[in-house]
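From a predicted model like this one, the values you see are computed outputs, not experimental measurements. Because only heavy atoms are used, hydrogens play no part in the values below, and waters and symmetry mates are left out as well, while side chains stay in.
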Amino acid sequence: MVATNEPSKEAAITRAAFEAFMRYGFKRVTMEDIARGAGISRPAVYLCFNNKEEILRAVLADQVALTLDRVRAAISAADALADKLRAAFESWTIDGYRLMHTNPDARDLVDCTLEFAADIMEDGYRSFEMIVASLLQAYARADADPSHIEQIARTLVLSGRGIKELVADEDELRGTISTLIDMAVSAA
């Protein structure tokens, strides 16, 4: 058998769906749009996924995994704890904020995610929180209480999650997260 670099049908479908969702939002995209973007027939899409909601779940699972990989890569490129945390939040929170705000029709993805894929996002946030907690623990004082470090990580992640809904722009988000990180580093 000859190896090929072509993506699987599922990968082609999720890539096409992601692009369509970002451009037009979840509600306006049809299975036909996704099929056309993937270069396959609509019946072929249905052989892989039962409905658009299943495709959304697959897209989100892929995006969460890719983002967590980017977080890990960004962390490994930084030296100091504050720089590692800033890099992590840049990849996880700020990049996500930018993606939603540069693709205004994609805003309905947030609502649809809550409806169809909240578990995937919650798992992603838990994974991100564990990454943040492990960073804080690695740099914490020797006498630091591990449960206190976990609470600091949880506070940072929850704050970043909520703040991005309230800030006026990306600069304010970045500044607020930077302040939170400075406070967390001092507390750890």
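In summary, Arg86 and Asp182 engage in a salt bridge, as defined by a charged side-chain N under 4.0 Å from a carboxylate O.
For the residue pair Ala38 and Ala12, the shortest heavy atom distance occurs at CB-O, 3.6 Å. Considering all non-hydrogen atoms of both residues, Arg98 and Asp95 come closest at NH1-OD1, 2.9 Å.
Side-chain N or O atoms of Asp108 include one that pairs as donor or acceptor with a backbone N or O of Phe26 at under 3.5 Å. Of the possible polar contacts, none joining the Lys164 side chain to the Thr93 backbone as a donor-acceptor pair under 3.5 Å is found.
How far OG1 of Thr67 is from CZ of Arg72: 10.5 Å, rounded to the nearest 0.5 Å. Atom OG1 of residue Thr113 and atom CZ of residue Arg57 lie 10.0 Å apart, to the nearest 0.5 angstrom. Atoms CD1 and CD, from Ile177 and Glu90 in turn, are 8.5 Å apart once rounded to the nearest 0.5 Å.
In the displayed structure, Arg174 atom CZ is contacted under 6.0 Å by more than 12 heavy atoms of other residues, nucleotides or ligands.
A continuous path of Ile, Leu, Val, Met, Phe, Trp and Tyr side chains, each step under 4.5 Å between heavy atoms, connects Ile55 with Tyr46, placing both in one hydrophobic cluster. Leu66 and Leu56 are assigned to two separate hydrophobic clusters, defined by single-linkage of ILVMFWY side chains at heavy-atom distances under 4.5 Å. Following chains of ILVMFWY side-chain contacts shorter than 4.5 Å, one can reach Leu99 starting from Leu68, so the two form part of one hydrophobic cluster. Hydrophobic clustering places Ile163 together with Met183 (ILVMFWY residues linked when any side-chain heavy atoms are closer than 4.5 Å, directly or through intermediates).
Residue pairs meeting the side chain to side chain donor-acceptor pair (under 3.5 Å) criterion with at least one partner in residues 19-31, sequence neighbours excluded, are Thr30-Asp33. Judged as a ring pair (Phe, Tyr, Trp, His ring centres under 6.0 Å), the pairs with a partner in residues 53-93 (not counting sequence neighbours) are, in order, Phe89-Phe128, Trp92-Tyr125, Trp92-Phe128.
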